[in-house]
Structure formats: structure tokens, C-alpha cells
Peer 1: 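Sharing a structure here in C-alpha cells format.
No experiment lies behind these values; they were computed from the predicted model shown. All chains are named by letter (A, B, ...) in the order of the sequence lines, taking the proteins before the strands, and each is independently numbered beginning at 1.
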Amino acid sequence: MPELPEVEVTRLSFADRIAGAQVLGVSLGKPLRWPLGCPPDSLVGRQVQSVRRRGKYLLIDLEPQGLLLMHLGMSGSVVFDRYLPPAGKHDHFELQTSLGNLRLNDPRRFGAVVYAEHQADAVALKLLSRLGVEPLGEDFVLADFQRELKARHTAIKQVLLAGEVVVGVGNIYASEALFMAGIRPTLRAHLISRARAAKLHAAIRQVLAEAVHQGGSTLRDFSNALGESGHFQLSAQVYDRAGLPCRLCETPIKRMVQQQRSTYYCPQCQTF
DNA sequence: CACGGATCCTGATGGC
DNA sequence: TGCCATCAGGATCCGT
């Protein structure tokens, strides 16, 4: 589920409700990608101060100190409620609080919940320090984006997915943004003209902002931490549409594989 | 250093 | 129905 819009919609759905809650207990299921990094019981008694997001990480700030870095991986989702059914086999982390229980369900277990004493801790830095700028924030500056693209020789699709230039663009929105900008996913980043980089910059912001606005994914069955699903009004222009006519020019959409991930594009609308 | 590829894990789907 | 192969919205690590 989770690219930036899904993570952000998840955050927005429970951040205000959990703020101020007292931690009453922590339950763990099977191991996730990384160990929690602290005894679960050591979190009892702390207060949840706020929930932020950095890239695809949820950052749960605790008082008087500490934070939980939560990543949803490929298949993770979060629910927050006062009453939850008994934990199932894919529920691997749960924070019980005075205001409700926060539960991470993640069948593939590529996700993680990691504790750090401070945001500048080695653990936190390792996970966060290499992340690129937030696409919906003020730091996503066109001139910087253009300069970063000039410095990279790999395919633009891979540059977007790597998250070192700009975070939050996953496999779906990478294809969608490149379609919107009219750029072939295989085009090497440094060969993109400044004008086309500007189109891509705008496209990334637009596609992500619109997806957040719609309440999460435009595809499949995403729902936020309260169980509410998105509006599904946007439909993908290219993602998962191999063989179907381009919505602009009717040319059949193509699928290819880059870095073991599917890429979709219109061979007519997207050029080198 | 920069890049490509293998890798972690489980479930859904489609072909035979 | 069962069995097998393929694919899935992520990101790190390792070898060249």
C-alpha cells in the first residue's frame, strides 16, 4: 500500500487522536525487518507527543524522550482504535495506549518499527540521514532538483525510486509522474533538459498532492488507520495498464522491468 | 564511488 | 482441486 500519499493519509487519520496518550503496553508478533531495539516494556508510561512523517517513515515522538520509526514496507498497514479484534497472524506490533491501540499489520514483514532515544541517534540517522527532500515541502526546489538530475547517470525511474533526491515516490507514482511529464522511464537523468525536469518536478508534486487529497491510493484497497477508504476518483494513467490504450493517444501502454520492478509507459507520449 | 542484482517474506493469481 | 510459476505499492546490502 504505502507510498508517500498512503503513509501521509494514515498519519493524518490518527495523529490527533493518539496525541497525549499514555503508553500502557507494547505487543510484538513475528520479527519485522529490524528489531525494535529496546525492551518493549521500557516504553510503558511514556506519552505520545506527536506523529510526524519523513519520506515513508512515520515518526512517533514520545515524552519525555524517544521516538518510534515505523515503516510499512510493501504490505504494511496501520489501524488505530480503542477496541481491536484479537491480534492475527500478520499483526506484528501494537502500542496500547490510554486513547487507543495502534497496530501494524504486515504480511510480508518488510516493514519495521525501530526505537531511537533521539532523532540524532545512530539508529535514526542510519535510516533517515540519506533521505532526499520532501516533495510536498518548501525544500523541493526546482533548481536543486535540476542539479541533482544532472549529477545522476542512471535511469530517471531509478533515481525517483532511490529516494536520495526526493522521497516518497514509489513504483506507482514514479510511472504516473513520468507519464505526466512525458518522459521515458529509461531516460538517463543527466540527459533530461531543464525544461523537462521542470515538468517532472511539477508532476511529482501534483500526483502526490492529489493522491493525498483523495485520501490515499488511487488503486486497490487502501484504507487509513480508522478503516476509511480513499475516494478512488483518480485512476492510473499508465500503472498496471499494459496493453490498454493510452488515455491521451490510444497507443497501447507498455510494461517493462527496471531493477526488478514493473514500469509502465506510453511509447507515444513519453519520449527520450 | 556508482551501479546492477539478489534478497528478505507471504499471499494472490493464473496456467496446466 | 492441486501444484507450480510469477508477481506484488520497499529498501538494504553486496559484488563488480
Peer 1: Determine the sole option in A/V113, A/V48, A/L69 for which the side-chain contact (heavy atoms from CB on, under 4.5 Å) test with A/I60 is passed.
Peer 2: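 With A/I60 as partner, A/V113, A/V48, A/L69 yield a single side-chain contact (heavy atoms from CB on, under 4.5 Å), made by A/V48.
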
Peer 1: Treat each ILVMFWY residue as a node, draw an edge where side-chain heavy atoms are under 4.5 Å apart, and state whether A/V26 and A/V78 are in one component.
Peer 2: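 Yes: a chain of side-chain contacts under 4.5 Å links A/V26 to A/V78.
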
Peer 1: List the atom of A/L142, the atom of A/H201, and the distance in Å for their closest heavy-atom pair.
Peer 2: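 Distance-wise, the nearest heavy atoms are N-NE2, 3.6 Å.
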
Peer 1: Can you check whether A/K89 has a side-chain N or O nearer than 4.0 Å to OP1 or OP2 of B/dC9?
Peer 2: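 Indeed not, no polar side-chain atom of A/K89 lies that close.
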
Peer 1: All N/O contacts under 3.5 Å from nucleotides 12-16 of chain C to the protein, with atom names and distances to one decimal?
Peer 2:
residue : atom : partner : partner atom : Å
C/dT12  : O4'  : A/R33   : NH2          : 2.7
C/dC13  : OP1  : A/K126  : NZ           : 2.9

Peer 1: Within the pair A/H153 and B/dA2, is there a side-chain N or O less than 4.0 Å away from OP1 or OP2?
Peer 2: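 For B/dA2, OP1/OP2 do not have a side-chain N/O of A/H153 under 4.0 Å.
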
Peer 1: Would you mind telling me which of B/dC3, B/dT10, C/dG10 lies closest to the side-chain atoms of A/T154?
Peer 2: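 For A/T154, the side-chain atoms sit closest to B/dC3.
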
Peer 1: Name the closest nucleotide to the A/Y239 side chain, picking from C/dG9, B/dG11, C/dC7.
Peer 2: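 Of the options given, the side chain of A/Y239 lies nearest C/dG9.
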
Peer 1: Taking 4.0 Å as the cut-off, does a side-chain nitrogen or oxygen of A/S262 come that near to OP1 or OP2 on C/dA8?
Peer 2: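 For C/dA8, OP1 or OP2 has a side-chain N or O of A/S262 closer than 4.0 Å.
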
Peer 1: So which of residues 106-115 of chain A are in contact with DNA chain C, with a heavy-atom cut-off of under 4.0 Å?
Peer 2: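 Residues of residues 106-115 of chain A that come under 4.0 Å of DNA chain C are, in numerical order, A/R108, A/F110.
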
Peer 1: Please find out if less than 6.0 Å separates the ring center of A/F140 from that of A/F145.
Peer 2: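 Aromatic pair counts; centres sit under 6.0 Å.
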
Peer 1: If pairs are Watson-Crick or G-U with both distances under 3.5 Å, what is the dot-bracket string of DNA chain B, marking crossing pairs with [ ] and pairs to another strand with |?
Peer 2: .|||||||.|||||||

Peer 1: Exactly one of A/E94, A/Q96, A/H92 should register a side chain to side chain donor-acceptor pair (under 3.5 Å) with A/S27. Which one does?
Peer 2: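 Exactly one option meets the side chain to side chain donor-acceptor pair (under 3.5 Å) with A/S27, and it is A/Q96.
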
Peer 1: Using distance alone, with no hydrogens and no angle criterion, decide if A/Q237 and A/E176 have a side-chain donor and acceptor under 3.5 Å apart.
Peer 2: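 Their side chains do not contain a donor-acceptor pair, so the 3.5 Å distance test is not met.
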
Peer 1: What interatomic distance, in whole Å, is found between C1' of B/dG11 and the corresponding atom of C/dT12?
Peer 2: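 Pairwise C1' distance, C/dT12 against B/dG11, rounds to 23 Å.
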
Peer 1: Quick check on B/dC9: is either OP1 or OP2 less than 4.0 Å from any side-chain nitrogen or oxygen of A/H92?
Peer 2: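 It does not, given that no N or O in the side chain of A/H92 lies less than 4.0 Å from OP1 or OP2 of B/dC9.
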
Peer 1: So, is A/Q158 near the phosphate of B/dC3, with a side-chain N or O under 4.0 Å from OP1 or OP2?
Peer 2: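 No, because none of the side-chain N or O atoms of A/Q158 sits under 4.0 Å from OP1 or OP2 of B/dC3.
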
Peer 1: So, is A/K30 close to the B/dC9 phosphate, meaning a side-chain N or O under 4.0 Å from OP1 or OP2?
Peer 2: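 For A/K30, the contact criterion (side-chain N or O under 4.0 Å from OP1 or OP2 of B/dC9) is not met.
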
